[in-house]
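Data block below; observations after.
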Amino acid sequence: SCTDCTAANVCTACDGTSFLLNDECINPCPSGYFPQTSPSRTCQSCIANCESCENSVTCDLCKSDYFWDGDSCESSCPQGTYPQSGSRTCEACLSPCTDCTAANVCTACDGTSYLLNGECVNLCPSGYFPQTSPSRICQFCITNCESCEDSVTCDLCKSDSFWDGESCINTCPPGKWGDSATRTCEDCLLNCEKCHDATSCDLCQITYYWNSFHCTQTCPENTFMNK
């Protein structure tokens, strides 16, 4: 199939059934090359890291571990796209996702949503708060907190928990009672050790006694101290 040569094993032109590559006439062209018919029949190199192509500008299939980004075959895809291993191409992330590692795994969101478990959500769910810097993500509230604005305080503890000024706890400390409406620990009456609301006392502090209105160290006339 060699139509011109400079030596017995050095071909310089091939007939209409083959293509010149490295001084030989072959058909088809190997991986990484494409057949050129004009001005001569030769196997021309695809662009770098391209396995299959039809010209020297684009690529139909990049080599293994490389991905077509629209201009070249690269080992990683640019921001806003993810590597599709089947087609070996860089595919665009789905809006409102601005960066991703797979079609359903988002790593960054646009200015209208927040990242949560690989997804972009418009509102952060219960137990999370929206963080805008350095990135837009849903961050955890503190333990047992249902609603918060940061990772230190809590606006509303979860059911059966109460805010004591530092954390959401199941049982309020001595001298306080759990208000189920606000889910906060509120002060008992003065000198009261244990109570269940703001107007009564279940147990006064040591040396104090309940007289139906408050905890006192002396009982009113016609009463005695029940120790």
Side-chain angles (χ1 to χ4, degrees), residues 1-125 127-140 151:
S1 58
C2 182
T3 59
D4 203 3
C5 59
T6 57
N9 59 350
V10 180
C11 191
T12 58
C14 302
D15 64 13
T17 64
S18 56
F19 302 90
L20 183 66
L21 178 64
N22 298 328
D23 301 329
E24 293 183 32
C25 291
I26 61 174
N27 191 13
C29 293
S31 174
Y33 292 83
F34 69 94
Q36 176 180 277
T37 57
S38 178
S40 59
R41 296 179 64 85
T42 57
C43 290
Q44 293 286 348
S45 294
C46 296
I47 60 174
N49 301 314
C50 180
E51 182 176 300
S52 176
C53 67
E54 297 177 2
N55 54 53
S56 60
V57 180
T58 61
C59 181
D60 296 330
L61 184 66
C62 294
K63 291 181 179 179
S64 179
D65 296 326
Y66 287 88
F67 306 92
W68 177 248
D69 66 2
D71 295 306
S72 58
C73 291
E74 302 294 339
S75 58
S76 61
C77 291
Q79 184 174 354
T81 65
Y82 67 93
Q84 173 57 261
S85 58
S87 61
R88 300 179 191 172
T89 55
C90 294
E91 299 295 329
C93 300
L94 300 177
S95 179
C97 182
T98 58
D99 207 5
C100 57
T101 57
N104 58 349
V105 182
C106 191
T107 57
C109 303
D110 66 12
T112 66
S113 55
Y114 303 91
L115 183 66
L116 177 66
N117 298 327
E119 295 182 28
C120 292
V121 297
N122 291 327
L123 296 174
C124 293
Y128 294 83
F129 69 94
Q131 175 182 281
T132 57
S133 180
S135 57
R136 297 179 65 88
I137 59 176
C138 291
Q139 286 280 27
F140 281 113
S151 59

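A quick note: this is a predicted structure, and the numbers were derived from the prediction, not measured.
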Distance-minimising heavy-atom pair for E91 and Q84: CG-CB, 3.8 Å
Distance (rounded to the nearest 0.5 Å) between C93 SG and D110 CG: 11.5 Å
Validation row: T17, S1 side chains within 4.5 angstrom (heavy atoms): yes
Passing option when F67 is tested against P78, C77, S72 for side-chain contact (heavy atoms from CB on, under 4.5 Å): C77
Full working for disulfide bond (SG atoms under 2.5 Å apart) between C25 and C14: CA-CA 6 Å; C25 291; C14 302; 2.0 Å; yes
N/O donor-acceptor pair under 3.5 Å between T12 side chain and D4 backbone: yes
Check: R136 side chain, S113 main-chain N or O, donor-acceptor pair, under 3.5 Å: yes
Where F129 and F140 come nearest, the two heavy atoms and their spacing: CE2-O, 3.4 Å
Qualifying residue, where the test is side-chain contact (heavy atoms from CB on, under 4.5 Å) with D69 and the options are C90, C62, P83: C90
E51 atom CD, neighbour heavy-atom count above 12 within 6.0 Å: yes
Pair Q131, Q139: side-chain N/O donor-acceptor within cut-off below 3.5 Å: yes
Minimal non-hydrogen separation, T101 against Y82, with atom names: C-CB, 3.7 Å
Heavy-atom side-chain contact between W68 and T89 under 4.5 Å: yes
Interatomic distance, K63 atom NZ to S75 atom OG [nearest 0.5 angstrom]: 13.5 Å
Over 12 non-hydrogen atoms of neighbours within 6.0 angstrom of CG in D65: no
Check: D99 side chain, A108 main-chain N or O, donor-acceptor pair, under 3.5 Å: no
Enclosure of E54 CD (heavy-atom neighbours >12, cutoff 6.0 Å): no
side-chain contact (heavy atoms from CB on, under 4.5 Å) partner of L21, the single match among C29, C11, P30: P30
Test: C53-C46 SG spacing under 2.5 Å: yes
Gap between atom CG of D71 and atom SG of C59 - 0.5 Å precision: 12.0 Å
